[in-house]
J.: 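Got a structure here, written out as structure tokens. Questions coming.
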Amino acid sequence: MQNYLEELNDVQRAAVTTTEGPVLVVAGPGSGKTRVLTFRISYLIEQGVLPWQILSLTFTNKSAREMKERISKVVGGKANQVWAGTFHSTFAKILRVEAEKIGYPSNFTIYDTDDTKSLLKAVIKDMNLSPDIYNVNAIYSRISSAKSNLITPKAYPQMEELMIADRANKRPYIHEIYKKYTIRCKKAGAMDFDDLLFQLYYLLHLNPDDVLDKYRKKFKYILVDEFQDTNYLQYAILKKLTLYDNSKQNLCVVGDDAQSIYAFRGATVDNILDLSKDYKTLQTFKLEQNYRSTSHIVQAANATIGYNKKQIKKKIWSDKGSGHKIKVIKAMSDTEEGKRIADAIVEQKNRNHYSNSDIAILYRTNAQSRVFEEYLRRYNITYQVFGGTSFYQRKEVKDLLAYLRLTINQKDEEALKRIINYPKRAIGKATVEKISALAANTDQTMWDCLTKVEVPTRARGQLNGFKLMMETFIQKAATVDAYELATFVARQTGLITKLKADTTIEGLGRLENITSLLDGIKEFVENDEVIEGAIQTDKTIGTYIQNIALHTNMDEEEAGNYVTLMSSHAAKGLEFKSVFVVGLEESLFPSFMSMNSQAGIEEERRLFYVSITRAEEMLTLSFAASRYRHGKTNYNEPSRFLAEIPLDHLESNFTMGAQTSKIAPRARVSGSLKKKRTEAVLNIDPADFKPSPASEIEEGMKVLHMKFGEGKVVHIDGDRDKKVATINFSQIDDPERRLMLKFAKLQIMP
DNA sequence: TGACTGTGGGTTTTT
DNA sequence: CCCACAGTCA
């Protein structure tokens, strides 16, 4: 019985079987923390705890999914009934049920970062504030951090510290923007990412219909992975659920302060330190044996992280032998770095018999992936890039989703603004602004105003048509499944036709994206998901949209034999036989954004620590003397983190600090080779030029144009005032032009 | 109204 | 370098 317990070391086993009361597991890299978590859940179930009384929170959908898979290997199908998900997705699920208690519709829309920024821009514009001073990104991060610290729009102006900082930055009205933004979100029936936490907290806090008690009873055991990455608000929610009179305080958190890499978005290690103050009977287990990496790697990591002042003491060790020393590659330029890494990969594949999937390239910024992609492609090595823009952020995908979103929630202004004139249906900026203004002044939504706004007859007709079309979608949504509706919408709106008309490579890609989106929806309709012991039969578009709102492209992983390219952040929790950490230069890693504070540098160092501890057998670090960035060549010193690794862990032929090379790197030439499309310089005297009336121009005529010179009318299409002439101008580079006759000034030549 | 061009600005990590 | 936006022109 329970033979899996025998696979664990003493500390791990204790962490698994100590089920009652508050538990903190401090888990170094590779120390088997995921095993502890999954076995703990399995153990709970075996002890008779009902699966749906267990809440397991993670940061990514991927780790939630993996967790479920691993539990099901031990306990079988019951695993699906555990509440295992990300903070955001789990709380969204609860809010769907309870939203109306706090004034939101249960079909609320989730605004992603783009939607949020777009709405913020609109608010800033409405308030007549300068978009330069009130930079959207800055405002967003300000509001996000307010929410993450449980500061309401009402409380914000009373926070002396915040207001002083805002005034110092010449942005005294942030609290007003925050307030208006909140109102607009609510009016749109929408929550942003932070709201999923923030509103859940207030739901529990305000406690309508004793909803707090309901969830306290429901979740008898709560587990949290990557606890070091939780923010104040997340911890506050956990406390709400587990810290009260007569609570059993069955909260188990697993984390590693050394791997805290999300402070920039409000995560705080203080949560780990506060734990023992809040939970008096806290039991702590330290997992210090690293089963992942060989000794040189572990010791290098220990030495590096030792430079950080703030940390929980622990000694990570490995008994896997010393293994390979760490290799450092010094390249002249970013291009050379790409080539040398690709060469090294080829070599490792041959010498160590690694397959592609054993290898990962980790970088600080997603933009760095390009060079590596180029060389890997050239060498015919299969790779997969993670991060960057997600599938669901692609324009065409968002367009179709916006139609579907509006079908579900007509209050969703961001969706409406996105598609009201896409594909083009002659509803221009002026019209949209009128609608928006009316909505703002009358407390109605933009949807309500579509038919009420006063506009010229032509626009009126277009608006009616648009609304009518949307209404057919809304009606259909009630009767058909998600796939049927989505296909109908894609055709009916003209999106498909529009994309098919574009035959460029990018155009084909876009059409393909729409097809895979539709395929995805089909899959959703056809595959059954079990929730709390029951098969989910709701296959409506509403359920679909809710399910995908929180997907990221990290979730799109497919099995295959490829080299992994991803940011260091994204690599958290993963492991590879061979890891390349590239771009180790000052201002890049550590990032220049973090270089002016000790805390910033320490976070970068933790990120470096996370990066190098992904490696099992081989670790290669690289930097380039020059790097092409933002159109300029930069010269940076090697990263300080390289110098922090004791020399005895590095391959012998390398010493830091000695800048041997005096040769200047080759300059880029691409700029000068760029072909510029220039118009021919024609000497036509405006005085001699007498344009002929558009109605007289016919196919076959010779005409003269002020800028393009002489040309022959090849073809005329369109009718009445929309005639377009295709004209071949012999005197310019790119001779065939299409001009609208109504505007084109052409003189008929004999 | 819409397509296209030029410029000017920013520039990290992600649920 | 890449993107978003304003301005221009048809």
Side-chain angles (χ1 to χ4, degrees), chain A residues 57-64 85-92 110 112-113 116-118 121 131-132 135-138 141 144 148 192-197 226 229-231 234 261-267 362-368 370 386-390 393 421 424-431 458-459 462 549-555 566-572 583 587-595 600 603-604 606-607 610-611 627-634 668 670-671 676-677 679 694 705-708 722-725 737-746:
Chain A
L57 296 168
T58 55
F59 275 84
T60 62
N61 297 303
K62 198 177 145 209
S63 42
T86 64
F87 277 89
H88 290 84
S89 70
T90 308
F91 295 169
I110 298 173
D112 68 9
T113 310
T116 301
K117 285 185 183 171
S118 153
K121 271 187 206 163
D132 295 331
N135 169 286
V136 197
N137 292 318
S141 96
S144 171
S148 304
D192 65 17
F193 287 146
D194 298 311
D195 279 330
L196 296 176
L197 313 179
E226 310 281 10
D229 289 329
T230 52
N231 62 29
Q234 284 159 326
I261 53 174
Y262 285 104
F264 73 92
R265 106 181 168 201
L362 308 181
Y363 34 73
R364 180 66 239 276
T365 66
N366 284 310
Q368 285 165 258
R370 259 183 57 186
F386 296 86
T389 32
S390 132
Q393 284 173 347
N421 195 33
K424 299 260 144 66
R425 50 176 74 88
I427 299 173
K429 218 162 98 186
T431 308
R458 202 168 94 96
Q462 297 300 333
L550 296 166
H551 269 231
T552 68
N553 65 339
M554 294 305 293
D555 303 322
M566 58 171 55
S567 70
S568 294
H569 281 87
K572 190 178 70 170
S587 330
L588 182 59
F589 200 168
S591 152
F592 70 98
M593 296 292 287
S594 65
M595 282 171 65
E603 173 143 315
E604 295 286 311
R606 291 191 297 267
L607 184 58
V610 168
S611 311
R627 183 171 296 277
Y628 202 60
R629 233 182 140 196
H630 308 310
K632 276 204 296 270
T633 306
N634 294 289
R668 299 245 166 182
S670 59
K676 257 196 159 174
R677 199 177 83 171
E679 306 295 358
H705 185 275
M706 277 288 281
K707 234 160 81 186
F708 305 149
K722 283 187 186 160
K723 281 189 188 168
V724 177
R737 299 296 174 110
R738 286 174 55 80
L739 307 177
M740 253 187 116
L741 284 179
K742 187 164 69 164
F743 300 113
K745 292 190 170 62
L746 297 166

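All chains are named by letter (A, B, ...) in the order of the sequence lines, taking the proteins before the strands, and each is independently numbered beginning at 1. None of the values given here were measured: they were computed from a predicted structure.
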J.: Please state whether the base of dT13(B) and the side chain of Arg265(A) form at least one donor-acceptor pair under 3.5 Å?
T.: no
J.: Between Asn634(A) (CG) and dG10(B) (C1'), how many Å, whole number?
T.: 14 Å
J.: So which one's nearest nucleotide on DNA chain B is more toward 5', Asn421(A) or Met593(A)?
T.: Asn421(A)
J.: How far does the P atom of dT13(B) sit from the matching atom of dA4(C), given to the nearest Å?
T.: 15 Å
J.: Please report the distance, rounded to the nearest Å, between CG in Leu197(A) and C1' in dT15(B).
T.: 8 Å
J.: Contact class for Asp112(A) vs. all strands (heavy atom < 4.0 Å): base, sugar-phosphate, or nothing?
T.: nothing
J.: Looking at every strand, decide which applies to Ser89(A) at a 4.0 Å heavy-atom threshold: base, sugar-phosphate, or nothing.
T.: nothing
J.: Please report, rounded to the nearest Å, how far the P atom of dT14(B) is from the CZ atom of Phe193(A).
T.: 13 Å
J.: Is the shortest side-chain N/O distance from Lys424(A) to OP1 or OP2 of dA3(B) below 4.0 Å?
T.: yes
J.: Do His88(A) side-chain atoms and Leu196(A) backbone N/O form a donor-acceptor pair below 3.5 Å?
T.: no
J.: Just the rounded figure in Å: distance from P of dT14(B) to CZ of Phe87(A).
T.: 18 Å
J.: Tell me which of Ala430(A) and Phe264(A) sits closer to the 5' end of DNA chain B, going by the nucleotide each one is nearest to.
T.: Ala430(A)
J.: Could you run down the sub-3.5 Å N/O contacts of the protein with nucleotides 2-5 of chain C?
T.:
{"unit_1": "dC2(C)", "atom_1": "OP1", "unit_2": "Arg370(A)", "atom_2": "NH1", "d": "2.7"}
{"unit_1": "dC5(C)", "atom_1": "OP1", "unit_2": "Lys121(A)", "atom_2": "NZ", "d": "3.0"}

J.: Whole angstroms only, please: what is the CD-C1' distance between Glu226(A) and dT14(B)?
T.: 13 Å
